[in-house]
There are 2 protein chains.
Amino acid sequence: MSFIPPAFTFVVNSFTNDYMAIFSKTCEYAMRAVFYVAQKSHEGQKVGIKEIAEQINSPEAFLAKILQKLSRERLIQSVKGPNGGFYFDAVSLNRPLADIVSAVDGNEIFTGCGLGLTYCSESNPCPLHEEFKKIRNQITHMLNNTTIGKFNLGLIKGKFTLNK
Amino acid sequence: MSFIPPAFTFVVNSFTNDYMAIFSKTCEYAMRAVFYVAQKSHEGQKVGIKEIAEQINSPEAFLAKILQKLSRERLIQSVKGPNGGFYFDAVSLNRPLADIVSAVDGNEIFTGCGLGLTYCSESNPCPLHEEFKKIRNQITHMLNNTTIGKFNLGLIKGKFTLNK
DNA sequence: ACAATAAAAGATATTTTTGTCTTTTATTCC
DNA sequence: GGAATAAAAGACAAAAATATCTTTTATTGT
Ligand code: FES
Ligand code: FES
């Protein structure tokens with residue numbers, strides 16, 4: 001009887017975070033999904049999780065979890081059963097994208113310190129504070145001024161992409 | 001013999017990413033450390049990992065790994081042995097903070113799509129593209145225009161904080 | 001009432017990031 | 001040259017984020 005050693009394991013400690021984006025994957029999927037569903041809602045349709053996941057190129061089961069959360073927080077509407085699916089009512093279509101982001105990623109991006117200090121404050125600022133504050137405010141502004149339904153027409157006209 | 005059940009495990013799937021900042025923890029520690037060492041270098045001193053970790057309030061062993069990486073990439077200088085430690089030479093003090101960020105977090109933050117599309121492009125833009133591009137450019141600008149030594153005087157004067 | 005459908009919920013698995021501990025290597029001082 | 005020092009490297013561990021699979025619940029159409 002012979003011992004078969006595990007194949008080369010080399011867990012190289014490459015030690016570069018290999019994909020550090022502004023938003024988490026969860027949040028990226030959420031935003032793409034929301035725009036997709038909004039577009040369909042504009043056309044009066046509900047959409048199933050399978051179609052959404054396909055169209056925005058995200059893992060279906062994972063996206064389901066994300067939309068469940070948004071649904072619990074009443075940020076998106078859903079109905080079960082045949083002919084069911086996800087959609088946005090008129091009120092929800094007018095919500096700012098910021099609501100989605102904070103539901104999923106929390107509020108750190110709106111208020112947190114760029115260098116990771118516990119609190120960002122004027123009285124005890126980190127070196128990047130002044131510059132970082134501007135950027136953070138722009139992000140906040142963008143997310144507050146972008147309603148969920150803002151890109152419906154552009155999406156229908158094919159001006160934007162939500163996958164790849 | 002009695003069976004002792006594991007204590008309540010409830011791994012609540014709270015499903016909010018509980019701390020989504022712009023930069024990774026690794027990158028935050030790196031930036032804080034770099035500013036601290038730069039200040040000391042300005043005063044002609046080398047600093048040991050223990051002091052750095054204490055002063056910027058970061059886990060020592062973890063920070064050591066980060067500085068090792070920066071050292072391998074010649075972004076920071078170091079000497080072993082008694083009276084050794086980390087420091088920046090004149091050339092390094094003039095490097096942009098962007099070099100630190102990209103060494104640690106990669107280039108996604110400078111070039112990536114806000115919605116997580118594989119490529120950000122003008123010809124195939126996501127809905128946030130125009131607005132997001134501006135923000136990304138501001139981040140890039142900030143990190144390129146902030147040299148590692150830029151805040152030395154402010155730090156020495158106690159204008160800025162790097163911990164808590 | 002029943003079968004079919006689709007989301008919600010629950011449980012579990014994988015991967016990445018963050019963090020720690022031990023051993024090795026280089027440098028300085030005596 | 002030897003002891004002491006401090007970073008570098010290597011191996012390992014814990015926590016968080018990402019991802020998948022199974023079971024349950026609500027709704028619809030027949
Ligand atoms: S204190 Fe760091 S961004 Fe305000
Ligand atoms: S395509 Fe999304 S930011 Fe450019």
Side-chain angles (χ1 to χ4, degrees), chain A residues 9-21 23-30 33 37 45-54 57-87 104-106 108 116, chain B residues 6 8-21 23-30 33 37 45-54 57-87 104-106 108 116:
Chain A
T9 303
F10 65 108
V11 177
V12 179
N13 195 347
S14 90
F15 221 89
T16 300
N17 288 347
D18 32 41
Y19 227 75
M20 193 60 205
F23 303 108
S24 68
K25 277 276 152 214
T26 307
C27 190
E28 290 173 351
Y29 296 151
V37 174
Q45 300 171 34
K46 296 187 219 97
V47 216
I49 187 68
K50 182 163 187 174
E51 177 182 337
I52 306 171
E54 272 167 10
N57 193 36
S58 77
E60 182 181 326
F62 188 54
L63 182 63
K65 285 293 172 196
I66 299 168
L67 294 191
Q68 271 168 40
K69 183 188 171 62
L70 296 180
S71 177
R72 276 194 301 271
E73 312 215 347
R74 317 267 174 212
L75 291 169
I76 196 171
Q77 283 68 55
S78 70
V79 298
K80 295 180 178 180
N83 211 11
F86 294 91
Y87 67 100
V104 158
D105 269 0
E108 192 66 9
Chain B
F8 270 96
T9 301
F10 65 108
V11 176
V12 179
N13 195 348
S14 91
F15 222 88
T16 300
N17 288 346
D18 32 40
Y19 227 74
M20 193 61 204
F23 303 109
S24 68
K25 276 279 152 213
T26 309
C27 190
E28 290 174 350
Y29 296 150
V37 175
Q45 301 170 32
K46 292 185 221 104
V47 216
I49 187 69
K50 182 163 187 174
E51 177 182 337
I52 306 171
E54 272 166 10
N57 192 35
S58 77
E60 182 181 329
F62 188 53
L63 182 63
K65 285 295 173 196
I66 299 168
L67 294 190
Q68 271 168 40
K69 183 188 171 62
L70 296 180
S71 177
R72 276 195 300 272
E73 310 214 347
R74 316 271 173 209
L75 290 170
I76 197 171
Q77 282 69 57
S78 70
V79 297
K80 295 180 179 180
N83 211 9
F86 294 91
Y87 67 100
V104 158
D105 270 0
E108 191 67 8

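No hydrogens, no waters, no symmetry mates; every other heavy atom, side chains included, goes into these values. Chain naming here is simple, since letters A, B, ... match the order of the sequence lines and numbering starts at 1 in each. Note that this is a predicted model, so its numbers are computed, not measured.
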When the nearest nucleotide of DNA chain C is assigned to A:Lys80 and to B:Tyr29 on a heavy-atom basis, which residue is associated with the more 5' position?
A:Lys80
Using heavy-atom distances to pick each residue's nearest nucleotide on DNA chain C, tell me which of A:Ser71 and A:Gly81 is more 5'.
A:Gly81
Mind calculating the distance between [atom1] ([X]) and [atom2] ([N]) to the nearest angstrom?
{"X": "B:Phe62", "N": "D:dA15", "atom1": "CZ", "atom2": "P", "result": "15 Å"}
{"X": "B:Ile66", "N": "C:dT17", "atom1": "CD1", "atom2": "P", "result": "13 Å"}
{"X": "A:Asn57", "N": "D:dT18", "atom1": "CG", "atom2": "P", "result": "16 Å"}
{"X": "A:Gln77", "N": "C:dA8", "atom1": "CD", "atom2": "C1'", "result": "16 Å"}
{"X": "A:Phe86", "N": "D:dT27", "atom1": "CZ", "atom2": "P", "result": "14 Å"}
{"X": "A:Glu51", "N": "C:dT5", "atom1": "CD", "atom2": "P", "result": "17 Å"}
{"X": "B:Glu28", "N": "C:dT18", "atom1": "CD", "atom2": "C1'", "result": "12 Å"}
{"X": "B:Lys46", "N": "C:dA26", "atom1": "NZ", "atom2": "C1'", "result": "13 Å"}

Below 4.0 angstrom from OP1 or OP2 of [N], is there any side-chain N or O of [X]?
{"X": "A:Arg72", "N": "C:dA7", "result": "no"}
{"X": "B:Thr26", "N": "C:dT18", "result": "yes"}
{"X": "B:Ser24", "N": "C:dT17", "result": "no"}

Minimal non-hydrogen separation, [X] against [Y], with atom names:
{"X": "A:Met20", "Y": "B:Glu108", "result": "O-CB, 3.7 Å"}
{"X": "A:Ala30", "Y": "A:Ile66", "result": "CB-CG2, 3.8 Å"}
{"X": "B:Gln45", "Y": "B:Tyr87", "result": "O-CB, 4.3 Å"}

Relative to the 5' end of DNA chain D, which residue comes earlier, A:Pro82 or A:Phe23, by the nucleotide with the nearest heavy atom?
A:Phe23
Donor-acceptor under 3.5 Å (B:Lys50 side chain, B:Glu60 main chain)
no
Please state whether the base of [N] and the side chain of [X] form at least one donor-acceptor pair under 3.5 Å?
{"X": "B:Lys25", "N": "C:dG19", "value": "no"}
{"X": "A:Lys65", "N": "D:dA19", "value": "no"}
{"X": "B:Gln68", "N": "D:dA7", "value": "no"}

Min side-chain heavy-atom separation B:Glu73-B:Lys69 under 4.5 Å:
yes
Give one of base, sugar-phosphate or nothing for B:Leu67, where a contact means two heavy atoms less than 4.0 Å apart.
nothing
